[in-house]
**Student:** 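Quick one: this structure, given as structure tokens, is what I'll be asking you about.
The chains referred to below are lettered A, B, ... by the order of the sequence lines, with proteins before strands, and numbering in each begins at 1.
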Amino acid sequence: MATKQTDRRSWTRPTAFYNHYVKWAVYVIIAVFLLWSAWNMRISMARVMDGWDAAVGLVNGMFPPEYTTEFKNELLIEGLIESLAMSVIATIVGVIISIPVAFMAAENIAPKPVYWVGRGIITVSRSFHELIIAIIAVKAVGIGALAGVIALSYKTVGFFAKLLAEEIEDIDSGQMEATEATGANRTQTMLFGVLPQVMPRIVGLTIYRWDINIRHSTIVGIVGAGGIGATLLNSFDQYDYDFFLLIIIAIIAIVMVGELISTYIRGRIQ
Amino acid sequence: MLSVTDLQKTYPSGDEALKGVSLEVTGSETVAMIGPSGAGKSTFIRCVNRLTEPSGGSVELDGLELTGLSGKKLRNARRDIGMIFQEYNLIERLTVMENVLSGRLGYVSTWNAFRRNFDGDDIERAYEVLERVGLDGHENNRADELSGGQRQRVGIARAILQRPKILLVDEPTSSLDPESSRAVMDLLTEIAAEDDIPVLINIHEVDLAEEYADRIVGLRLGEKVFEGTPADLDETARGQIYRGEEIPEGAGPTGKVAAEAGDVGGVSSDEGEIRRS
Amino acid sequence: MTDYRTWERRTPRQRLLRYLAGLLTIVAAAVSWRLLRINYDYIGTAPTEFMDLINRMYPPNVGYTGQIVSPMIETIHIAILGTTLAVLLSIPVALLGAENTTPNRLSFLLGKFIISASRSVNVIIWALVFVIIFGSGALAGTLAIAVRSIGFCSKLIAESIEEIDPGQVEAVKATGANSIEAAIYGILPQVKPTLIGVSTYRWDINVRASTIIGFVGAGGIGVELNTSINFFAWQQVLTILLAILVIVVFSEVVSAYLRRKAR
Ligand SMILES: Nc1ncnc2c1ncn2[C@@H]1O[C@H](COP(=O)(O)OP(=O)(O)O)[C@@H](O)[C@H]1O
Ligand SMILES: [Mg+2]
């Protein structure tokens, strides 16, 4: 009884881990890991000071952003237009490839082996960053917009097919069965029983992905895959920081406009 | 002792929720505030602990004027006022014990609050209070695992743990079934008696008010239209509070309704019964 | 009289809009295609080129595995430290950027500005900026990832703060707690699932991002990958890609587990 009294003078929150020892062990592991990570960064006072000077230099070099030379303006506009064009083509190509992949990766429609192939395509496409794909594409087809289009289309498949497959898995199977009951074959069932149901989603996702592709199309040039990115990297390599800033501002502007348009259209569709 | 004088509240939207209400709550009495929805009951008690900022009037708790306070002083004043909410307002994703102990937050440092490091005495008392409200053994349950009646009892335990000088209770039963409602009302009046603190309860159900309150206050459109014992609350008074019927001769806003007004009461009694059911 | 023989799915106006939208898409596609001036020969040879690359990649260079362990670990360090830093900094930014917790109009705008500034610049561009400042290395990469993630995390956390039940905060305040305590008890438990969801989700994204910031010298496996590609060491490239695949899938499993754990 006496021990029970003292017990009641303390209380500890039940833990999501097995017990408090495990909890503390987890915390310690996390802390040690973070410290180890931080130590690996080789942060030193000297580096921070140098960094500060460099930052001041950078800001001085950046302002005002350069907008006077005609030659550079042309470079900028050309790069931006190429980025935009890449984003349009890549979205269209990507979506066209995605649709069959999505049907393959929808559990309620595809037979098991096909389903696993579809899933595999999606996972591999999602695993690698667009720049990795872009750099490989550049080696395969040479420097230029084609490599960018390939990289962006490839990334589009992973994104688009995954979301569309989820949408197909959620559809009303009644409509599908009704179409099947009229004696339609498999392709006809897909076309008349499934596709109309997911069409609005396809349009919405396409525009959403286009928005993302605009963003990506502005950076794949860093590895030579076309668009404004190449110009950006050049200005960086040549310490031309005021042009560097101008390009960044232009990229932000175009990305924001793309986002606004995409949000507006998607709002109208739904 | 809570003493409210001429309390006014006009919301930015222009709603005049309180048009000068005065009220005293003393000793260990249970005062029920009744009135149709929108009468200003919630606004009244929220103005007392300043969850809502009153536009005019004065609120005194044991001689301390609350309306001008801010910062640390206001927080210290709030420690002395226990509040119980209609929708319980428990921290749903925390345990029952953390909810109850949160009644002591005004007394612990922020760091200790973050660490859940409460005084041994408080924890011991929390266990006692949980027993008292019939929730022993539930301390490690999450609040969202409990039933409505159980949640409201956690809310009561949280308020008691503050060792308040007064309990403000806003419609404690309107989200509960009749049985749980009674249990909650029993508990509240019991606490008032045992801890010797007054309780001010906003309540919708007139029969519960009559059964449990020592005194009843009727609010209508931001004005006090009735004050008296449960026995005084006859049909005329109800008509006045709920249907805004004319106040007959001889009945002041805070007085009893005169005997000769019996006819009026008789006429409206059917309606009154319907209303209550 | 209703003409039952023609059946119209849409109003004429809707149909017109649809045709216009379709036409616009086709025109945009055609114009874009012309602008890109892609050499058709290259498209024709692209599949062969890719098959050729894959042939040269296979088999992966197993002996090389030892050399990429340390850059892979650095990659994970960058992702973890960058995400942690971002989440920690996101909490105050989210409090500023949420309508119900921001102290005043100005602080609200500041919060929104930080969020959109961080979000509108790609991580690789942030990496370039930090390489200029701190020189090449993992520090620049970590900061790039952290700064890019702040906007994303703060935005989602702020949205979740705006959706909390204010009654719980009020109840805590009514006990005499100060604002920080009210936030710890009233807000934090309510946004905790979002907090965990957002950080694990962002961690997923950051693992992928930390594999490429090395292209501009900001540390991690990207440095190694870039070198291998430039030296046409394709078997090493495949080794690195497989290693990346492993950690990406692994981190996805871990983060899914954490999300399930945090109810
Ligand atoms: N936050 C608010 N903003 C504007 N008006 C309010 C607010 N809260 C309450 N009111 C108004 O004040 C009046 C009294 O409301 P309330 O105190 O909630 O009444 P009761 O609790 O008696 O139902 C009502 O007319 C209501 O519309
Ligand atoms: Mg109310």
Side-chain angles (χ1 to χ4, degrees), chain B residues 42 45-46 48-52 69 71-95 98-116 142-145 151 154-155 158-164 167-168 170, chain C residues 84 87-92 94-95 98-105 107-108 156-200 258-263:
Chain B
S42 302
I45 66 166
R46 290 169 59 87
V48 170
N49 67 357
R50 303 261 310 277
L51 285 179
T52 297
L69 300 181
K72 182 76 190 149
K73 286 201 178 111
L74 175 61
R75 294 202 293 274
N76 284 350
R78 279 180 176 162
R79 300 195 303 204
D80 294 336
I81 306 172
M83 185 149 175
I84 292 155
F85 299 83
Q86 175 176 355
E87 301 292 341
Y88 329 124
N89 287 6
L90 298 185
I91 309 158
E92 296 286 328
R93 298 175 45 81
L94 294 188
T95 58
E98 282 163 300
N99 271 286
V100 175
L101 285 172
S102 70
R104 299 307 289 173
L105 283 177
Y107 295 90
V108 297
S109 72
T110 306
W111 176 243
N112 280 337
F114 176 68
R115 300 280 329 279
R116 275 42 170 183
R142 254 167 61 158
D144 53 12
E145 295 167 354
R151 286 186 203 195
V154 176
R158 169 172 66 189
I160 309 179
L161 214 69
Q162 286 177 244
R163 292 183 192 278
L167 277 183
L168 304 177
D170 193 2
Chain C
T84 311
V87 172
L88 290 181
L89 292 172
S90 293
I91 292 170
L95 286 169
E99 256 165 2
N100 50 346
T101 50
T102 198
N104 55 50
R105 199 72 219 151
S107 59
F108 181 67
L156 294 175
I157 297 170
E159 276 166 12
S160 145
I161 292 178
E162 282 171 356
E163 278 163 20
I164 60 166
D165 164 20
Q168 298 183 27
V169 188
E170 265 187 352
V172 176
K173 283 208 160 150
T175 66
N178 62 37
S179 336
I180 300 176
E181 288 167 338
I184 296 172
Y185 277 72
I187 302 178
L188 191 60
Q190 295 195 62
V191 298
K192 198 169 146 196
T194 309
L195 216 55
I196 292 173
V198 166
S199 20
T200 51
L258 285 177
R259 272 195 291 272
R260 235 179 312 120
K261 195 96 190 179
R263 278 185 302 138

**Student:** I'd like to know whether CD1 of C/Ile180 has more than 12 heavy-atom contacts from other residues, nucleotides or ligands below 6.0 angstrom.
**Tutor:**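 Result for CD1/C/Ile180: open.
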**Student:** Which one of B/Lys72, B/Met83, B/Arg158, B/Arg116 has the most heavy-atom pairs closer than 4.5 Å to chain C?
**Tutor:**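 The residue among B/Lys72, B/Met83, B/Arg158, B/Arg116 with the greatest pair count is B/Arg116.
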**Student:** Quick check for you: to the nearest 0.5 Å, what is the distance between B/Ile91 atom CD1 and C/Leu188 atom CG?
**Tutor:**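 Here the rounded value is 10.5 Å.
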**Student:** Quick check on the interface: out of B/Thr110, B/Asp80, B/Asn49, who has the most heavy-atom pairs with chain C under 4.5 Å?
**Tutor:**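 Option with the greatest count: B/Thr110.
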**Student:** With a 4.5 angstrom heavy-atom cut-off, could you sort out which part of B/Gln162 is near chain C: side chain, backbone, both or neither?
**Tutor:**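 For B/Gln162, the contact with chain C is made by the side chain alone.
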**Student:** Can you confirm whether B/Glu98 sits close enough to C/Pro189 that some side-chain heavy atom of one is under 4.5 Å from a side-chain heavy atom of the other?
**Tutor:**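 Of all side-chain heavy-atom pairs linking C/Pro189 with B/Glu98, none is under 4.5 Å.
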**Student:** Which one wins on heavy-atom pair count under 4.5 Å against chain B: C/Val169, C/Asp165, C/Asn178?
**Tutor:**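 Sorted descending by pairs with chain B, the first entry is C/Asn178.
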**Student:** How close do B/Ala113 and C/Tyr185 get, counting heavy atoms only, and between which atoms?
**Tutor:**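 Scanning both residues completely, I find the closest heavy atoms to be O-OH, 2.8 Å.
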**Student:** On a heavy-atom basis, which atom in B/Arg93 and which in C/Gln190 lie closest, and how many Å separate them?
**Tutor:**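 Scanning both residues, the minimum pair turns out to be CD-CA, 4.3 Å.
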**Student:** Heavy-atom pairs under 4.5 Å with chain C: which of B/Leu74, B/Leu161, B/Leu90 has the most?
**Tutor:**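 Maximum pair count with chain C is reached by B/Leu90.
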**Student:** What part of B/Arg46 lies closer than 4.5 angstrom to a heavy atom of chain C: side chain, backbone, both or neither?
**Tutor:**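 The side chain, not the backbone.
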**Student:** Nearest 0.5 Å please: distance from the OG1 atom of B/Thr52 over to the CD atom of C/Glu170.
**Tutor:**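 With rounding to 0.5 Å, OG1 (B/Thr52) is 7.0 Å from CD (C/Glu170).
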**Student:** Let me know if B/Ser109 has heavy atoms under 4.5 Å from chain C in its side chain, its backbone, both or neither.
**Tutor:**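 Looking at B/Ser109, just its backbone touches chain C.
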**Student:** Ignoring hydrogens, what is the shortest heavy-atom contact between C/Ala177 and B/Leu105? Give both atom names and the distance.
**Tutor:**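 Heavy atoms of C/Ala177 and B/Leu105 come nearest at CB-CB, 3.7 Å.
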**Student:** Under a 4.5 Å heavy-atom cut-off, does chain C meet the side chain of B/Phe114, its backbone, both or neither?
**Tutor:**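 It is both, since atoms from each part get that close.
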**Student:** List the atom of C/Ala174, the atom of B/Leu51, and the distance in Å for their closest heavy-atom pair.
**Tutor:**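 Looking at all heavy atoms of both residues, the shortest contact is CB-CD1, 4.2 Å.
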